[in-house]
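Values below: every heavy atom of this structure, side chains too, minus hydrogens, waters and symmetry copies. Order of the sequence lines fixes the chain letters, A, B, ..., with proteins taken first and strands second; residue numbering starts at 1 for each chain.
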Amino acid sequence: MIIDPVTLIVALITVSTPVLLAAIGELVVEKAGVLNLGVEGMMIMGAVCGFITAHHTGSPALAFVAGMAGAVALALVFAVLTQILMANQVASGLALTLFGLGLAALLGVGYSGLPVPAIARPFPEALRDIPGLGPIVFSHSILVYVSIALVAAVWIVLTRTRIGLVLRAVGENHDAAHALGYKVVRIRIAAIMFGGACAGLGGAFLSVVRVQNWIEGMTAGAGWIALALVVFASWKPWRVLLGAWLFGGIAALQLRLQAAEIGVPVALLDASPYLVTIIVLVLISSDRRRAALNAPAGLGRVFHASS
Amino acid sequence: MAQDDPFQIGFIYVGSPGDYGWTYEHDQARLAVEEHFGDRVETVFLENVPEGADAERSITQMILGGADMIFTTSFGFGEATNAVAGQFPDVYFEHATGYQRDFPNVSTYSARFYEGRAVIGHIAGHMTESNIVGYIGSYPIPEVIRGINSAYLHAREVNPDVEFRVVWAYTWFDPAVEADAAQALIDAGADVIMQHTDSTAPQTVAQEAGIISFGQASDMIQFAPAPRVASIIDNWAPYYIRRVGEAMDGTWTQGDVWEGIDTGMVVIGEMTDAIPEDVRASAAALRDAIAAGEYHPFTGPINRQDGTAWLAEGEIADDGTLAGMSFYVEGITGDIPN
Amino acid sequence: MIVLEKRAEPSRAWGAGGPILAVVLTMLAGGVMFAALGIDPVEAIRIIFWDPLFSERFAGYSRPQLLVKAGPLILIAIGLSMGFRAGIWNIGAEGQYIVGAICGAAFGLAFYPSENPLIFPGMVIAGVAGGVAWAMIPALLKVYARTNEILVSLLLVYVAEAMLASAATGWLRNPEGSGFPGSRNLARHPGTDNPELFAGTGMHWGVLAAFVAVIVAYVIMTRHLLGYQIRLAGQAPRAARFGGVNPARLVILCMGISGALAGAAGVFEVSGPAARISIDFNVGYGFTAIIVAFLGRLNPIGILLAGLLMALTFIGGELAQLMLGVPAPAIQAFQGMLLFFLLALDVLANYRVRIKRKVAA
């Protein structure tokens, strides 16, 4: 049996969307020099807040806003801890994940299995029915297009605008940025909130669009994959998109290879998205000319304005 | 024990009662026990208990807290259940889906889910038009393999052209992965989805694709009448009430039960109108025949996948072979991992 | 305006007082949460922090269990802390823990049913080797292919989990287990068991190893050249290079140490408390240990205390679920709060709070 490339591509786009949303947000956070390992916690807050709102209001748009708001609220805790109280970022991020998973489960009690409104697709059926192109380009939920637009927007802002320049300056050398008069802490807090909003949107996509249910622990590690993708992409927006599609593509492909009953051990197929990601990373990184590591120099370092 | 001291029963859950699947049904049974015995009992539970060392501690603390009887509701708690049982000979232990009974105060119990799988396999065989049934497996363990075999045999019985495609999710619970697995199966041509994983995510995907599916562990009735056209429900309440009653009367003895549709431990959820009436009738007849003990889902002739004979004409599988089933029956085309 | 002023030296008083204040604040904030859930807050706090240690009913059992729970956390965190100090980010200790357990168990089971007393030491060596080998993948890739160790070590956790599932359902499955997943019981077989060394203390070889690791790490970090190099590399990588520190060697050494300790923790767990290889053998110790490492400020003594505190909240939290019906997620959120306050109040050790009148610039 041959694997149908059209449905594979459709699937990989769907599979990768929540992770892509969270990753592009985290990329901005890290570009500002902050490492927030709490993506998983923020995603699940987005999932639960989005689902609850979708159920009560019947409005997907409000659900997405609520998902973002819930995750931003959690991100603010991280912002206060790491930017104002100068707490360690790695530990604060992990604590955020723990807290977020617990809080989301508490908020979601009683919501499992409740109905949410169906989400309309933005493109008309006529477009969606074009063979090949239709399903791949026009069949998705609005958030899929939003996520890709977001990648483009982040790329433009980071590389072509003053805001992007300032953000990168803060992430590369906060002391120099401070000396130039930039408000390092404020900029970083804004970046952290943006990262929270994106992670929340990714979580809401999962609960409101993809699974259409609230289930405790439903993000099941997607936040960690998002973190990995940012590193994989060397902090470049378009490579986040490629990484998400590569990872989602292998994940979708391995399930299809199983369904096609090819004789590869399932444990190996199950591990293949991770293995392939590592192998691709090795191939890109070992190219000496392009190996200029793009990691923001100030990533994870504590900033304290001494003057 | 003082007269007014209620009999305390502890439950160890591997997941959360909010999963609307495996743990939810055990918790429903706990509530049924409370309702049945009223003030005479008191129940406590611990949720999301990891298997292994943590389980042993959880059970022990439960007993120190006053529990007189413990239900450990997942296979992975077997080691811990027996380890603690040896130290507390006066406490009654009931371990779900396990096989270890190292001490006289440990019983094991499980349900013949494969009887339910036979009924939904029968429905699937009738309903599929593409003749491809997609099956989401969790891990390649006897419980899951037995279910696949049972569903396949009864689908093939009514539809000789039916094929099963199995995708292993390597998780019991990950909604996103389960949804992706369902989608992969649909893209491979499946128009009926069965699952042996715990979340409702495959139901959502089936709904969007306009195909049919079956509720797993709990009824998943919110997806009725379609895609969910029927379901296999784990109904532990009758057993829990019976065993608690026996423990309180002092008539409890060690046991190893494997009950099915006959005692109501396995329940077939409402078959919806999406199933043609004659199929509903034949499925109900199959269910009733199993319940009455007139028919066993593994009745020969059945060959193993490699073509060797397993059961001769009219021969019925023994429980030992079923419990440890690690082979596919003839006609299934995939390989079992490992 | 409130401003923070960096102290020349971290305050010892706040270094010790901060965590105490954090626990008090957690009790208040957590108490509000419990009250909102309709649970008696005083009772809940007492059960979480007091009962595992001092209640007549539970303490006799819970106190040793603290060591059992804290042992692997401390052991793994000690290994991680050295790398973290040098700026080497091993996020995948969970994977090294799993591979260590698989290798150790496989070694022990290969000799089954022999009860030779050399088998257990062999298992420990195999487990350590497994952990080191798994950690060497990100280490060597970092040194020779310049890949990022955070990413590689994290992704390898998932690969290790797939290996674990395959071992439990396939090649390490108990041949007498009638097809059920999971290996033979290692803890109840003489030769492969990691027993309680002194009855009723919870002390097994793994806990002992954790204590030894704390002491050795303390000596290395304060007295040994390697400790100096690690600190230098973390604080001033360029200076370290000029100072003769070989960065490649340091990466391999730090990753190796953390892999070795994580692997050892895996063997001690699989041959003792967990008793066997099963599909869900790993319960996140490798990730929790990262929190423990930072909570302990990457200091061996701090890690010891942080590990015990985490274990206390696990065990006390369980008692609160049991006795008061506190939902498990509330305990998780409570732990998160505790960590927030602990991390936030670290600021007082390093900074002085000053109230300044705003001056026009």
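- In this structure, the portion of C:Ile279 lying under 4.5 Å from any heavy atom of chain B is its side chain and not its backbone.
- Residue with the most contacts toward chain B among C:Phe180, C:Trp171, C:Phe58: C:Phe180 (heavy-atom pairs, distance under 4.5 Å).
- When each of C:Gly170, C:Pro181, C:Ala187 is checked for heavy-atom pairs under 4.5 Å with chain B, C:Pro181 comes out on top.
- Contact of C:Glu318 with chain B is made through backbone and side chain together, with heavy-atom distances under 4.5 Å.
- Taking B:Gly10, B:Ala67, B:Gly324 one by one and counting their heavy-atom pairs under 4.5 Å with chain C, the maximum is reached by B:Gly324.
- Interface summary for chain C: among B:Trp172, B:Tyr139, B:Tyr170, the most heavy-atom pairs under 4.5 angstrom belong to B:Tyr139.
- A distance of 6.0 Å or more separates the ring centres of B:Tyr152 and B:Tyr328.
- Residue contact with chain C, scored on non-hydrogen atoms closer than 4.5 Å, involves the side chain of B:Gln100 exclusively.
- The environment of C:Trp50 atom CH2 is sparse: at most 12 non-hydrogen atoms of other residues, nucleotides or ligands sit within 6.0 angstrom.
- Ring centers of B:Phe173 and B:Trp22: at least 6.0 Å apart, outside the cut-off.
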*Test B:Phe88 against B:Phe93 for ring-ring contact (aromatic ring centres under 6.0 Å, His included), laying out the working first.*
CA-CA 10 Å; B:Phe88 296 95; B:Phe93 291 85; 7.6 Å; no
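- The contact between C:Glu269 and chain B is made entirely by side chain atoms (from C-beta outward), counting heavy-atom distances below 4.5 Å.
- Rounding to the nearest 0.5 Å places OH of B:Tyr240 at 13.5 Å from CZ of B:Phe37.
- B:Thr321 does not touch chain C: none of its heavy atoms, backbone or side chain, sits under 4.5 Å away.
- Chain B forms more heavy-atom pairs under 4.5 Å with one residue of C:Pro329, C:Ser166, C:Ser278, C:Ala275 than with any other, namely C:Ser166.
- When each of C:Glu161, C:Arg276, C:Met323 is checked for heavy-atom pairs under 4.5 Å with chain B, C:Arg276 comes out on top.
- Of the atoms belonging to C:Ala328, heavy atoms from both backbone and side chain fall under 4.5 Å from chain B.
- Within the cation-pi definition used here (under 6.0 Å to the ring centroid, within 45° of the axis), B:Arg30 does not qualify as a partner of B:Phe71.
- In this structure, the side chains of B:Tyr135 and B:His196 come closer than 4.5 Å at one or more pairs of heavy atoms.
- In this structure, chain C has heavy atoms under 4.5 Å from both the backbone and the side chain of B:Pro140.
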*Could you give me the CA-CA distance, side-chain angles and deciding distance for B:Asp54 and C:Lys69, then say whether side chain to side chain contact (heavy atoms under 4.5 Å, CB included) is met?*
CA-CA 8 Å; B:Asp54 294 282; C:Lys69 187 81 190 169; 2.5 Å; yes
*Quick one: do B:Glu51 and B:Ser74 satisfy side chain to side chain donor-acceptor pair (under 3.5 Å)? Show the steps, please.*
CA-CA 9 Å; B:Glu51 297 171 355; B:Ser74 173; 3.0 Å; yes
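- Here B:Thr60 is the residue among B:Val44, B:Thr60, B:Val49 with the most heavy-atom pairs under 4.5 Å with chain C.
- Per-residue counts of heavy-atom pairs under 4.5 Å with chain C were compared for B:Ser16, B:Ser58, B:Pro17; the largest is that of B:Ser58.
- Here the side chain of B:Arg146 pairs no donor or acceptor atom with the backbone of B:Tyr114 at under 3.5 angstrom.
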